[in-house]
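The structure appears right after this line, and notes come after that.
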Amino acid sequence: MSEDFDIDALARRAGAELRVPPPDAAIARVHHGQRMHSRQLTAASVVAAVAFVGVGAGLLWPRSPSPLITGDPGTTIDAVGSSTTATLTSSTTTVTTPFSALETDSSDIVRVSRVGDWRVLNQRSWRAKDAPPEAVAMVVVKQTGEQVPVYGRDLPVDHRPILVNAFAVGLSRAGSWLVLSVPGEKLRAVNVDTGERRSLDVEVSDKSGFLIDSAWSNHTVVVTGSTRIDSELNVIVANDLGPEISNPLAVWTGTEQVAFGIDNQADAGPVFVPNVFTAATGLRRTIPRPAWWKGTWPVSAPHQGGDMQFATMLGTEALLSDGLPGGFTGLFNPATNTWRQVDSPPIPTNQANAVDLADALVVIRSFTRQDGPGAGQAVQLDKATLKWTQFPLALSASPDAGLLMQARKFGGSWVIGQSDGALAVVDSATGTWHAPTTVEQSEWQRYEGEFPKSALGL
Amino acid sequence: MGQTLAVWQGVNIVYEAEPLLTFEQLYAQEYPGLIAVAWALSGGREDGEDLVHDTMVQALTRWKHVGALERPGGWCHHVLVNRCRSWFRRRRTEAGFLARQHGRVASSPGPSEEAVIFWTAVRTLPIRQRSVVALHYAGDLTAAEIANVLEMPEGTVRSDLTRSRSVLAGLMAVRDV
């Protein structure tokens with residue numbers, strides 16, 4: 001078929017263009033990474049990543065400097081960033097914080113998150129592998145405006161390769177202690193009140209450093225699946241470390257962490273390994289796989305693997321879905337250890353971002369501007385009826401639309417923020433889209449905590 | 001030749017006194033295919049390099065095991081494709097930042113516009129077909145090799161390729177209009 005022949009030839013040309021030789025020193029970098037990894041393995045406990053507080057928890061080191069403030073959903077904080085200062089404004093106070101203490105060049109704030117009463121600013125410079133180690137830094141700003149550097153300045157030079165892999169840094173609060181994890185390093189704890197620092201006897205592997213969805217409760221940090229840290233910084237390791245899982249999703253019930261993932265190292269091939277970790281006992285139990293479980297990967301063992309797209313708590317149950325029509329979607333009740341089946345989304349929602357609103361769960365299929373206009377779609381799950389509804393229109397016709405990261409309900413509308421700063425607004429009752437009103441834009445700005453781009457030099 | 005003593009995820013494990021090739025040889029041999037697959041699936045060369053780097057660190061860490069495999073390159077592709085799939089999830093969190101840096105990305109030689117459009121279209125395919133197309137056209141793997149890497153029947157690989165070509169031809173035609 002001529003069409004096939006043409007596309008085949010084009011595909012071969014396109015593929016050949018991507019096959020490039022390794023860059024200089026690339027293999028040396030691999031050897032260095034392997035030495036760092038070997039060093040980690042000498043420790044007795046290589047466990048999963050630590051908890052992270054804040055919605056959309058992953059802290060991913062970006063590729064080049066640019067101010068980005070991610071406000072803390074659910075609060076009224078307005079965060080403002082520039083290359084050298086940050087201003088945190090609440091309804092009653094405004095704190096402007098210069099970052100001279102960090103002594104970094106080209107530093108930018110890449111994320112603001114809220115941990116208790118603190119604002120935790122993550123700052124970095126150029127790409128980690130090209131940057132001096134102190135260019136990756138984290139500082140806590142207290143409500144008083146006091147800054148407490150908690151990470152970055154004291155890194156020895158030979159930690160630089162580890163930082164190459166420091167895509168995820170998790171942190172959580174246990175009492176006055178801020179607990180941080182960097183893949184490839186031991187957990188660190190910093191007492192934000194006294195400045196005391198401790199190294200905890202828990203190492204985080206490179207792989208599990210990507211597990212960003214651990215959970216925390218009161219004064220206990222649950223490190224995925226196997227370890228917990230209490231408010232006195234006691235490390236309690238469960239006997240059953242279990243397998244390291246990939247593609248993890250986890251939700252926190254209030255007392256337990258429900259984790260879903262795939263054990264790729266099982267002898268029989270990828271195995272879906274749902275489990276529940278109970279913080280009070282430090283023990284984990286395996287969840288029974290429902291009879292109607294349907295995996296999607298690999299196809300040779302459809303009963304085993306599965307590429308889950310989103311998980312969230314709906315009341316007392318954990319919703320887990322692969323996002324595929326006719327695929328697997330279910331609710332797990334940790335109290336009864338039982339599943340019940342839920343309809344699948346009516347359209348594929350791979351690479352979806354699930355946003356839990358008051359009365360519905362909105363699942364937005366993320367898209368990039370490279371995907372072309374109209375690629376993003378959304379569905380909503382009515383929490384009461386557990387029925388899905390598809391929005392009739394694509395989210396944006398803008399060729400410059402970016403990934404959809406967050407949403408919030410204002411009155412009868414859902415305002416959905418795109419990563420390029422544009423807003424998409426849908427009437428939640430009719431599913432029709434309209435341009436954001438002035439009020440919606442204003443409300444969103446308060447919610448998102450974004451400062452006008454002009455002030456950031458964008 | 002060593003004796004095949006076990007099968008791990010469809011890849012024969014051959015125990016040898018010495019690996020069949022050095023890690024450096026494997027790296028040089030497999031890098032172009034691995035970076036092409038990672039680049040195709042992630043959409044970015046830098047992301048692709050990181051994914052390949054992590055894959056090769058894992059290979060080196062387990063070199064005693066990986067080096068003894070009959071097809072260590074297949075193992076690397078298997079691990080890489082899994083890493084690419086995890087990467088999509090992490091990318092969601094990162095995307096907010098990435099979108100802001102467009103127009104600020106350092107310029108470097110890249111693929112042609114035709115190739116960029118093609119691989120962009122590929123990334124709209126479902127994950128399995130996307131992986132099959134990337135492994136075939138970017139990784140230059142045969143249908144049999146892809147079947148081994150992705151642990152699926154060779155016939156399914158072929159039908160995925162046929163279907164994907166048809167979809168991609170349609171997408172490319174639309175873009176040409």
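Labels below follow one simple rule: chain letters A, B, ... track the order of the sequence lines, proteins then strands, and each chain is numbered from 1.
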Reported CZ-to-CZ distance for the pair B/Phe118 and A/Arg13, which is rounded to 0.5 angstrom: 10.0 Å
Contacts of B/Arg163 that satisfy salt bridge (charged side-chain N to carboxylate O under 4.0 Å, His left out) - sequence neighbours left out: none
Criterion side chain to side chain contact (heavy atoms under 4.5 Å, CB included) on B/Arg165 and A/Asp8, from CA distance to verdict: CA-CA 7 Å; B/Arg165 274 195 291 258; A/Asp8 187 68; 3.6 Å; yes
Heavy-atom donor-acceptor pair, A/Glu17 side chain to B/Ser112 backbone, under 3.5 Å: yes
Closest non-hydrogen atom pair between A/Pro22 and B/Tyr27, with its separation: CB-CE2, 3.7 Å
Side chains of A/Leu18 and B/Arg45 in contact at under 4.5 Å (non-hydrogen atoms): no
Side chains of B/Tyr31 and A/Pro21 in contact at under 4.5 Å (non-hydrogen atoms): no
Leading residue by heavy atom contact count with chain A [cutoff under 4.5 Å; candidates B/Asp140, B/Val133, B/Val116, B/Leu161]: B/Asp140
Contact summary for A/Gly15 and B/Ala36, nearest pair of heavy atoms: O-CB, 4.4 Å
Side chain to side chain donor-acceptor pair (under 3.5 Å) involving B/Ser159 - partner list, sequence neighbours excluded: none
Gap between atom OH of B/Tyr137 and atom CD1 of A/Ile7 - 0.5 Å precision: 8.0 Å
